[in-house]
Amino acid sequence: MFKLKTLKLTNFLAIQSATIDLHKPGLYLITGYNQRGGDSNGAGKSTILGAIAFALWGKTPEGLKASDVANWYGDGTFLAELTLEGPEGDYVITRETGGLSFSINGKNLIGRKGDVQELINDTFNSSYDIFFASTLFTSNMSDYITNMGDADKKKLFKSVIGLEAIDKAYIKAKAAYDTNHDKAINLEQQLALLTDFRDARRGELEQLYSQFDRFERSRQNRMDDANRTTIIKPELDPIIIFRAKTVESSLAKLNAKLPEIAETQVKLDQELRKAYEDRGAIVQEITIFEEKLYEANSLKGDASCDKCGGLLGDNYVSHLSHLHKDIERVKNREFNINQDISKLESERQDVELWHSSIDKLEEEAEELRLMLRYHDEEMQKWSDGQQTKEQEMKKIKNEENPYEELIRITSDDLNKQASKYLTANDEFKKATEAIDILAFLKLVFSREGVAAQIIEQSFGRLQALANRYLSKLCSEGMLLTITPQRELKSKALKEEIDIYITFKHLQDKKVPFAALSGGQKQRVNIALLMALYKLCKELGCNNFDFIILDEVLDLSLASKGQADVVRLIRDLLQEVSQVLVVSHQEGISQDFDYEISVRLDDKGISHVV
């Protein structure tokens, strides 16, 4: 709860400067004197109450705002600083020219003006309208409730008993319900379209998979056909390979000896040539010797011997012997040479045979080479055929399936649509769940729901409190009745707040408020104001621990009625810490704990004493 502590004013309306101490609990009487008029009218008493309201809400009970409250004799600036004592210490609201600040226990709460004002409203859990209906009562507001129009009554009571918040909640719930309902319909339509699209895509995908499989089967058939194109691998007899290796090896060995054989052949040819030459010379020599022998046999004794130079006749027999020996010797040489020639001829035949062997091996080797070359050519053809076959099969195997990319694109599209479908379905479920919840909330916050119970309970409580206060103000057996609804001829209920009175001495006959006397009306009004204060406090929409009454004692009340009101105010101190009363009445200060006097001087400046 929040109690008044101090009020500081500078250049505020008629008050030039004042600091008013209000921290003590009890009854405060605010009186005034106008030196110009010689009475209490226009002294500035209500300025104090207006300043409290202005500090809290930014406007006075008369509706004056910041541009209106700076007094005429100042420099155009003003200050209204209200300090209240609350659960966290001092709550200070400062309104001055061009600014608003709010601090709690010395900690400034900074923000835009509208945000600060909203923070003030939240802190005190109140508003301008509730404050003037439950905390500050002015003389021109004494019939504030009873004379206000039906719409204003509804607005006031809705604010007090919380129906305004429920109405807002109902509006929000209904708006949310309508939004989610429309959203659910749109989502349902989207889901239908997405389902059709998904089914169409699935059909397309099935066809693509079928075409994909047909292509793969065709691929496999083509690969099988290519694989069936068999090329027989040429085979070579291992004996031929072995013989070729043997011949090549033998040729290599013989060819390795070829230089040596060639040299031997040349040497043999030279030796044979020399042997033939030697044999020719020997044959010639034998011929000569045989001719000489012949001549010796036919010549006379006077012939001379070429051998010894002697006459043959003298030594004929000896000479013949010499010739025969020479012939024998030459023939021996011839024999030896012939043997050498035979040997050389044999060796020459061996060389020729060696050459013949080489030629035969060359022929065989060439034949074998041709066979191997032919085999290599056939193997190359086979290898080329195999490579062509493998390339063809690889080409067929690596050939891109034209339906694979279409399947991927269609699958991706289907997945995206499926994701959209899941998202839309989740949103649809949330929307339908929200619709169920919001339908319930809409019913709860409707006039048939919580509001009906609150109306019944709150108006019943307000009526009971008003009658309790009315019983203290009136001994005429007045009983106040508040009806929040009126039944029409159609039996339908219309929200219309009516206030009427019953009197015991009139057998509880309903008397309209307008038919009451002036004093009775004021008693009803005061009872309603006090009841509203109490109800607001009970409902938590009024956290102020004070009441401000502006000239309620100066209404059309008899002296007894005024005394009843003062007694009621005194009784209120059991429920509230501070009561501030502004009055013109004289001789009542003894009924109050403190008195604040406001004096208006001849210059039109009010001073607080």
Side-chain angles (χ1 to χ4, degrees), residues 219-286 328-399:
R219 185 207 301 274
Q220 188 60 47
N221 291 334
R222 284 181 289 143
M223 288 183 69
D224 292 342
D225 291 341
N227 196 34
R228 277 194 292 270
T229 307
T230 306
I231 303 173
I232 299 174
K233 184 178 181 180
E235 299 290 340
L236 187 63
D237 191 345
I239 295 175
I240 294 176
I241 297 173
F242 177 76
R243 179 59 183 162
K245 289 182 179 179
T246 303
V247 170
E248 292 293 344
S249 177
S250 299
L251 276 174
K253 291 178 181 179
L254 290 174
N255 286 326
K257 291 183 179 181
L258 189 60
E260 182 183 348
I261 297 299
E263 185 179 350
T264 301
Q265 186 176 0
V266 171
K267 185 177 178 181
L268 285 172
D269 288 342
Q270 290 175 352
E271 288 178 355
L272 276 171
R273 190 166 46 251
K274 186 176 181 304
Y276 282 127
E277 289 175 356
D278 289 346
R279 190 175 67 174
I282 289 171
V283 170
Q284 186 177 6
E285 188 177 353
I286 290 172
E328 185 66 28
R329 178 179 56 75
V330 171
K331 285 185 176 181
N332 286 335
R333 283 178 59 198
E334 182 184 17
F335 177 78
N336 290 332
I337 287 173
N338 284 333
Q339 284 186 335
D340 291 338
I341 287 173
S342 296
K343 182 179 179 182
L344 288 171
E345 287 289 347
S346 177
E347 291 178 359
R348 184 80 166 72
Q349 288 177 356
D350 289 340
V351 169
E352 289 177 356
L353 182 61
W354 185 85
H355 277 293
S356 176
S357 298
I358 287 179
D359 292 339
K360 288 181 180 179
L361 285 173
E362 281 288 352
E363 290 176 0
E364 185 179 3
E366 185 60 29
E367 184 179 353
L368 290 169
R369 288 190 193 106
L370 288 173
M371 294 176 66
L372 290 172
R373 191 177 302 117
Y374 176 77
H375 178 263
D376 289 341
E377 290 174 356
E378 291 299 311
M379 283 295 295
Q380 184 62 45
K381 290 179 182 178
W382 177 85
S383 177
D384 292 343
Q386 286 295 105
Q387 186 175 3
T388 302
K389 175 183 173 181
E390 289 175 0
Q391 288 175 347
E392 181 65 20
M393 292 183 69
K394 185 177 180 181
K395 180 182 177 182
I396 295 172
K397 183 178 180 180
N398 294 335
E399 185 178 349

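Owing to the predicted nature of the structure, the values given are computational and were not obtained by experimental measurement. Values reported hereafter were calculated over all heavy atoms of this structure, with side chains retained and with hydrogens, waters and symmetry mates removed.
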Quick one: side chains of residues 366-379, donor-acceptor pairs under 3.5 Å with protein atoms, not counting sequence neighbours, listed by atom name and distance.
from : atom 1 : to   : atom 2 : distance (Å)
E366 : OE1    : R369 : NH1    : 3.3
R369 : NE     : E248 : OE2    : 2.9
R369 : NH2    : E248 : OE1    : 3.3
R369 : NH2    : E248 : OE2    : 3.2

According to salt bridge (Lys or Arg N to Asp or Glu O under 4.0 Å), who are the partners of K343, at least two apart in sequence or on a separate chain?
none

Apply the side chain to side chain contact (heavy atoms under 4.5 Å, CB included) test between Q391 and each candidate in M393, Q387, K395; give the one that qualifies.
Q387

Does R222 reach the main-chain N or O of I396 with its side chain, forming a donor-acceptor pair under 3.5 Å?
no

Test side-chain contact (heavy atoms from CB on, under 4.5 Å) on R273 and E277 and set out the steps.
CA-CA 6 Å; R273 190 166 46 251; E277 289 175 356; 3.8 Å; yes

Those residues that, when tested against E352, pass salt bridge (Lys or Arg N to Asp or Glu O under 4.0 Å) (two or more places apart)
R348

Contact check, side chains of E364 and R243, non-hydrogen atoms, under 4.5 Å
yes

Distance in Å, S383 OG paired with E390 CD, rounded so as to fall on 0.5 Å steps
8.5 Å

Under 3.5 Å, is there a donor-acceptor pair between the side chain of T388 and the main chain of D384?
yes

Approximate separation, where rounding is to 0.5 Å, of R219 CZ and N398 CG
8.0 Å

Taking atom CG of L353 as the centre, report whether more than 12 heavy atoms of other residues, nucleotides or ligands fall under 6.0 Å from it.
yes

For K245, is there any backbone N or O sitting under 3.5 Å from a side-chain donor or acceptor partner on S249?
no

